[in-house]
Number of protein chains: 2
Amino acid sequence: MSEIILRQTLPSEAQEPKTLVEGAYQRLRRDIIEGTHAPGDKLRVEHLKEHYDVGAGTLREALLMLVTDALVVAQGQRGFRVAPISLADFEDITRTRVLLETEALRQSIAAGGEEWEAAIVAAFHRLSRAEQRLADHEQGISEEWEMRNRAFHEALISASASRWIRHFQHILYQQSERYRRISLFRQPIARDIHAEHQALFEASLARDATRATSILTEHLLRTLDAVRRMPADFFNGKGTGKP
Amino acid sequence: MSEIILRQTLPSEAQEPKTLVEGAYQRLRRDIIEGTHAPGDKLRVEHLKEHYDVGAGTLREALLMLVTDALVVAQGQRGFRVAPISLADFEDITRTRVLLETEALRQSIAAGGEEWEAAIVAAFHRLSRAEQRLADHEQGISEEWEMRNRAFHEALISASASRWIRHFQHILYQQSERYRRISLFRQPIARDIHAEHQALFEASLARDATRATSILTEHLLRTLDAVRRMPADFFNGKGTGKP
DNA sequence: TTGCTAAAAAATCTCGAGAAATGATCTTGA
DNA sequence: TCAAGATCATTTCTCGAGATTTTTTAGCAA
């Protein structure tokens, strides 16, 4: 029953859009996360409606749905904007993720059954394959990797009984995706992400909660460090909304 | 700057509605929290538009805003419903609140300055007056008490640097308000809430993080216990949507 | 009575046009 | 030259009506 809440509150991207609003919502969300619409940008309904080929009211509803994900901010009588970004915001996101995700992982390790084990084995396998392909081809982050990385992280905490933590984790993951894409694109880091994932996977499967949560924490903080090392002017003009 | 995010993402009820959508949103939210629209109820746009005296599209947008608060769930081509309730959900809400709110309180106690102290002193004073009035008149929970209780809890964590934790706390507080109103209305409990608040207030002002968080945790868990003691059939027919 | 099919009713979703508000441009005066 | 005010264009907000989809009702046969 309550399962429905999260399904509806957070339509995952794999879901087929049942309505025009949902379709516009999904495409808009992707364009925001990928940076097509830059942080702080104004989202004018009149302009966007033709690009996404829907009516004005429909587009407004899609924008409202993105407010739920905190990817768009609405201001009274002054329309919509892409949510701004800042280093302070990403630090906050990461710390809050550590708090929520380690707790959820602890719960998963304590409560997870065979289905949970099978799920993380499968998700890790799929992620490993994608990471191997990336290593072979020396390319940047791919759409495929992003989806499988998300699936792996969500599988790890899927046995947690707390739907609310999973709900908030989902929102925060989307947020960090914006930062990660931008930072990894600009400054590919020398970092063995696969090894981190492997260690996290093994500790979780071994039911070693202490080790697993500590690995997860470091895993998240390393991405924060990467963003910290971005050029100082990186966030200038991105978050204020003032060009 | 980012302050704007939360202001816009979570228009507090004290804010004047700048638009018809916001007005409908605020009234709808109050009616859901107060139980006028019961959990699981279908929210038919055609019926509600005349009651709230707005157009269909406007009401749809207000409903979408309530999805952000997780007070309403939207299902593809099948309209809107009031989010269901259940004991398991309230347990989840409470545990997640403990996790987030104790962390935020720790941060506040560590980082709060004079303005923070002044804010909680003022909020506690206002709350105490309301509680005294309630004790004198032997009445149930009043609108005034609800607002001041919320203000007190938000003031306690207002010095936390984490906007995200405060954002999630705000959502969860609204959720628990639904449960608290229903349970307190049906079964007024013999419990000295004022004493709990006073102890919480004093420990916070004394910067005793350990004691303050422990009091806060018990404070929240006591309300959970009260809901647990509700009649067994209390949640029947409320959350499933099937009468 | 039960179960299936089909029509009818209701509700949701979608769009385009009009009203209100915001922001930009230009003029005027010190 | 700068500041303040007025006019105009853009944008947001709002509504009502039409097109789809879902749900209910009615009919018929087993």
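Because only heavy atoms are used, hydrogens play no part in the values below, and waters and symmetry mates are left out as well, while side chains stay in. Residue numbers begin at 1 in each chain, while the letters A, B, ... track the order of the sequences.
- Computed from coordinates, the B:Arg78 CZ to C:dA11 C1' distance equals 13 Å when rounded to whole Å.
- Of the listed residues (B:Gln174, B:Gln175, B:Arg181, B:Arg180), just one forms a side chain to side chain donor-acceptor pair (under 3.5 Å) with B:Glu177, and that residue is B:Arg181.
- When the P atom of D:dC13 is taken as reference, atom NZ of A:Lys49 falls 14 Å away, rounded to whole Å.
- The nucleotide whose nearest atom lies closest to any side-chain atom of A:Gln77 is, among C:dA11, C:dT12, C:dT22, C:dT22.
- Residue B:Gly79 is in sugar-phosphate contact alone, with no base atom involved, counting any heavy-atom pair closer than 4.0 Å across all strands shown.
- Using a 4.0 Å heavy-atom distance criterion, B:Glu46 is classed as a base contact.
- Considering only the side chain of B:Val21, D:dT14 comes nearest among D:dT22, C:dT14, D:dT14.
- A:Leu59 comes within 4.0 angstrom of nothing in the nucleic acid, heavy atoms only.
- D:dT23 atom C1' lies 13 Å from atom CD of B:Gln75, rounded to whole Å.
- Rounded to whole Å, atom P of C:dC15 lies 14 Å from atom CD of A:Glu50.
- Between A:His47 and D:dT11 there is a side-chain polar atom (N or O) within less than 4.0 angstrom of OP1 or OP2.
- An OP1 or OP2 oxygen of D:dC13 is reached within less than 4.0 angstrom by no side-chain nitrogen or oxygen of B:Thr58.
- Among A:Val21, A:Asp53, A:Val45, the one residue that satisfies the side-chain contact (heavy atoms from CB on, under 4.5 Å) test with A:Thr58 is A:Val21.
- More than 12 non-hydrogen atoms from other residues, nucleotides or ligands lie less than 6.0 angstrom from CZ of A:Arg228.
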